[in-house]
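Input: a single structure, listed below in structure tokens.
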Amino acid sequence: MNSEVKLDARGLEPPEPMERVLVALSQLKLDATLSMLIDREPRPLFRILEKNGFDWEVKAGPEYSFEVRIWHKA
């Protein structure tokens with residue numbers, strides 16, 4: 001069963017969104033997805049995800065919000 005972990009990092013000042021997502025990823029189960037809401041595209045995070053075996057997709061939402069869905073590569 002695929003579970004989803006939600007992380008709302010909107011309104012937080014750097015580096016807190018990065019710190020929170022890294023903690024969440026360290027606890028993410030192999031069959032789970034992390035869904036992060038953030039108010040800017042977290043480009044530095046993408047290099048970290050690639051290096052550590054994660055895939056992701058980004059969807060731009062209204063009013064400068066982004067949803068980043070992250071999961072372990074198969």
Side-chain angles (χ1 to χ4, degrees):
M1 182 172 124
N2 190 344
S3 61
E4 183 174 67
V5 177
K6 296 190 181 276
L7 172 63
D8 189 345
R10 294 174 293 182
L12 300 176
E13 291 295 320
E16 195 167 355
M18 181 69 81
E19 291 170 348
R20 288 188 182 196
V21 73
L22 292 177
V23 167
L25 289 172
S26 73
Q27 300 169 358
L28 191 67
K29 296 184 174 163
L30 290 175
D31 64 343
T33 301
L34 174 62
S35 177
M36 178 175 72
L37 298 174
I38 190 165
D39 45 17
R40 57 195 156 292
E41 191 172 12
R43 289 193 179 119
L45 174 62
F46 303 150
R47 288 187 298 273
I48 294 169
L49 295 175
E50 180 67 32
K51 183 176 151 184
N52 289 286
F54 291 96
D55 271 333
W56 68 94
E57 67 180 11
V58 179
K59 291 182 185 173
E63 299 179 20
Y64 306 104
S65 66
F66 293 87
E67 178 184 11
V68 183
R69 291 178 42 88
I70 305 166
W71 60 92
H72 291 273
K73 286 184 181 181

(message) Check Glu50 with Lys73, please: is the shortest side-chain N to carboxylate O separation under 4.0 Å?
(response) yes
(request) Answer yes or no: is there a side-chain heavy-atom contact under 4.5 Å between Leu25 and Asn52? (result) no
(request) Could you tell me which residues satisfy salt bridge (Lys or Arg N to Asp or Glu O under 4.0 Å) with Glu41, sequence neighbours excluded, listed by chain and number? (result) Arg43
(request) State yes or no: do Val68 and Tyr64 share one hydrophobic cluster built from I, L, V, M, F, W and Y residues joined by side-chain heavy-atom distances below 4.5 Å, directly or via other members? (result) no
(request) Find out if a path of hydrophobic residues (ILVMFWY) with successive side-chain heavy-atom gaps under 4.5 Å connects Leu49 to Phe66. (result) yes
(request) Apply the test salt bridge (charged side-chain N to carboxylate O under 4.0 Å, His left out) to residues Asp8 and Arg10: give CA-CA distance (whole Å), side-chain angles for both, the deciding distance (0.1 Å), then the verdict. (result) CA-CA 6 Å; Asp8 189 345; Arg10 294 174 293 182; 2.6 Å; yes
(message) Testing the basics here: between Met36 and Leu45, what is the closest heavy-atom pair and its distance to 0.1 Å?
(response) CE-CD2, 3.8 Å
(message) Rounded at 0.5 Å granularity, tell me how far OG1 in Thr33 sits from CH2 in Trp56.
(response) 14.5 Å
(request) Please report the shortest heavy-atom distance between Asp39 and Gly11, naming the atom on each side. (result) OD2-N, 2.8 Å
(request) Look up atom CZ in Arg20 and atom CG in Leu34, then write down how far apart they are to the nearest 0.5 Å. (result) 12.5 Å
(request) Under the salt bridge (Lys or Arg N to Asp or Glu O under 4.0 Å) rule, collect the residues that match up with Arg47, sequence neighbours excluded. (result) none
(request) Look at the side-chain heavy atoms of Ile, Leu, Val, Met, Phe, Trp and Tyr, link any pair under 4.5 Å apart, and say whether Leu37 and Leu7 land in one connected group. (result) no
(message) For a 4.5 angstrom cut-off between non-hydrogen side-chain atoms, does Phe54 reach His72?
(response) yes
(request) Grab the two heavy atoms, one from Arg40 and one from Leu12, that are nearest each other, plus how far apart they are. (result) NH2-O, 2.9 Å
(message) Side chains of Pro42 and Val21, heavy atoms from C-beta outward: is any pair under 4.5 Å?
(response) no
(request) Please check if Val23 and Val5 belong to a single hydrophobic cluster, counting links between Ile, Leu, Val, Met, Phe, Trp and Tyr side chain heavy atoms closer than 4.5 Å. (result) no
(request) Please tell me if the side chains of Met18 and Pro44 come closer than 4.5 Å, counting only heavy atoms from C-beta onward. (result) yes
(message) Let's go through Arg69 and Glu57 carefully: what are the C-alpha distance in whole Å and the side-chain angles of both, what is the deciding distance for salt bridge (charged side-chain N to carboxylate O under 4.0 Å, His left out) to 0.1 Å, and is it a yes or a no?
(response) CA-CA 5 Å; Arg69 291 178 42 88; Glu57 67 180 11; 3.4 Å; yes
